Number of protein chains: 2
Amino acid sequence: MSVNILFAAKESDWSEYEAALATALGKAGIDFNLSNSQSADFSAAETDYMVWSPNSVVQDFTPYTRCKAVLSLWAGVERVINNPTLTQPLCRMVDRGLEEGMVDWVTGHTLRHHLGMDAQILGQNGVWAPQTPPLARHRQVTVLGLGPLGSACARMLRQVGFDVAGWSRRLKDIEGITCFSGADGLRDALKRSEILVLLLPNTAQTENIINAETLALMPDASFIINPGRGPLIDDDALLKALDTGKIAHATLDVFRVEPLPGTHPYWTHPNVTVTPHMAAETRIDSSAEVIAENVRRGEQGEAFLYLADRKTGY
Amino acid sequence: MSVNILFAAKESDWSEYEAALATALGKAGIDFNLSNSQSADFSAAETDYMVWSPNSVVQDFTPYTRCKAVLSLWAGVERVINNPTLTQPLCRMVDRGLEEGMVDWVTGHTLRHHLGMDAQILGQNGVWAPQTPPLARHRQVTVLGLGPLGSACARMLRQVGFDVAGWSRRLKDIEGITCFSGADGLRDALKRSEILVLLLPNTAQTENIINAETLALMPDASFIINPGRGPLIDDDALLKALDTGKIAHATLDVFRVEPLPGTHPYWTHPNVTVTPHMAAETRIDSSAEVIAENVRRGEQGEAFLYLADRKTGY
């Protein structure tokens, strides 16, 4: 008998999720009947699983008497965990895809600057101009911020071969990575950052951490990659450092104001690449796989992944 | 006492090697006196080590009576190993840098196409156009050729997260890589190659292996990366496939004629990136490290690396 799965998240996301969920459920070997709220041929009482997000039309879970689990598409469940009508198990979304996508993006742009790819991508002028970049192991890359995303990126950059250092507020210990912390550590980390990756959280301590003073510590003609938070950078100071060549190029994915206004000087600076906050997106495919895995677990009587705890609230 | 090291390779390479050798010897903790043949302040009889290549002015090794080793900058030693005046130990060059550089270049350009970087690098037009690339593990990459370079690249692409297959004449077994061989295997390998990397040797069997028929097997809008050999590709067939969009982009590092003539259509095709045979160069830095390590070993009485064997000839 088919498992009735109701997509009761944001209605406009249905068109994107329908195929991904069908694929993931099929791969998980589930005989499913998947529908959104508007076109379901099964009733609330016949629903076996609900895919849900806080912006759902469903806020009263009482009618879903047979529902084995409410599967959130969001990581944060603070808006629903205390809903008194929710008696079903609630599972958070932990999307490996967000971290993986960040690692792909950071590794790709680090290699791009390391190899000097733009010279060829932008310079198809018929002139054969041999150049040999250094090896990755002779390139010093520094990652500011060693939380889950920063340390995942640092580890991958190390695996690719780069000479990697990292800096964090509290000293970390990561195999193969030279770890720095504190104010003196920041200076040492910046002094060796031929390519600097920003993955710090946005706090009062980190705002404008990249400013005229800290930029001056970096090696000449170095690169900045910011997939972290816009306010980490003093934009005027960075533009000045780009003009003097102190910074050879900045690839920026996040900004104080997004979308970045079309008149912002970053768009026209020849040594800036603006990317449209694409480094870390929740991925439909990998989220759908988490949903499918939890349906599979439910059907086979196994423990759910990422089951929310009503005591701790997450 | 300083170790007298004579640079007796190609004279025009001295300017590039001098600093790299000095750095590497310094790092190896050697108290050295390094000079080229023209400016040496020590005699042939006072030479402790000789850095050498077949195009050296030194072809008679008799005067170098104290020389503890002749350290070749070339991998192949067939032009010197039977020289009757060469009684000193002879060491070949095994440059990790060539393989590492290839892996850097292939990984970088694979990530570039995977992430669709060119859209941002070439399109800084003030328009914020969000896009989310698939995750690396949802991207099928195929490497044709699983020799030392091909398998090193396949392994790294797998480590980065890609879904990697490889094809070789004889079936290989590489952990994490879907391996194909033979004619049927080639069809299967091409059918799943969203990004195709060519690292085959140039033989009668591999010439024009990428032709109208094999291009037709590839997924629509796929990518070709060729750091292998120019003749692997039927250039006219590739240009046609680029024109129809069957192939979204080709990044080519090697060509039938090099330097690629300025009038070749590859230079002006909007979906081709020509790179100037830069993917696999012998690296001065890594070669210098091998030389320094062998000097260190000689001074400390340890066995030399890559000691040539006069019986086998290599």
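Side-chain atoms are counted along with the backbone in the values below, which use heavy atoms only and exclude waters and symmetry mates. By convention in this document, chain letters (A, B, ...) are assigned in the order of the sequence lines, proteins followed by strands, and residues within each chain are numbered from 1. Note that the coordinates shown come from a computational prediction; the quantities given were computed from them, not determined experimentally.
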With a 4.5 Å cut-off on heavy-atom pairs, point out which of Gly101(B), Ala129(B), Ala119(B) contacts chain A the most.
Ala129(B)
In terms of heavy-atom proximity below 4.5 Å to chain B, should Pro133(A) be classed as side chain, backbone, both, or neither?
both
Between chain B and each of Leu115(A), Leu260(A), Leu122(A), Ile121(A), count heavy-atom pairs under 4.5 Å; write down the option with the most.
Ile121(A)
What would the table of donor-acceptor pairs between chain A and chain B look like if you include every N and O pair under 3.5 Å, whether backbone or side chain?
unit_1, atom_1, unit_2, atom_2, d
Glu100(A), OE1, Arg137(B), NE, 2.7
Glu100(A), OE2, Arg137(B), NE, 3.0
Glu100(A), OE2, Arg137(B), NH2, 3.2
Asp104(A), OD2, Ala136(B), N, 3.0
Gln124(A), OE1, Val274(B), N, 2.8
Gln124(A), NE2, Val274(B), O, 3.0
Pro133(A), O, Arg283(B), NH1, 2.5
Ala136(A), N, Asp104(B), OD2, 2.9
Arg137(A), NE, Glu100(B), OE1, 2.7
Arg137(A), NE, Glu100(B), OE2, 3.0
Arg137(A), NH1, Glu289(B), OE1, 2.9
Arg137(A), NH2, Glu100(B), OE2, 3.3
His138(A), NE2, Glu289(B), OE2, 2.9
Val274(A), N, Gln124(B), OE1, 2.8
Val274(A), O, Gln124(B), NE2, 2.9
Arg283(A), NH1, Pro133(B), O, 2.4
Glu289(A), OE1, Arg137(B), NH1, 2.9
Glu289(A), OE2, His138(B), NE2, 3.2

Close side-chain approach of Met278(A) to Pro130(B), heavy-atom, < 4.5 Å:
no
Tell me, side chain or backbone of Val103(A) under 4.5 Å from chain B's heavy atoms, or both, or neither?
neither
Chain B shares the most heavy-atom pairs under 4.5 Å, among Pro259(A), Pro261(A), Gly108(A), Gly262(A), with Pro259(A)
In terms of heavy-atom proximity below 4.5 Å to chain B, should Ala136(A) be classed as side chain, backbone, both, or neither?
both
Got a sec, which pairs hit salt bridge (charged side-chain N to carboxylate O under 4.0 Å, His left out) with one end in residues 121-131 of chain A, sequence neighbours left out?
none
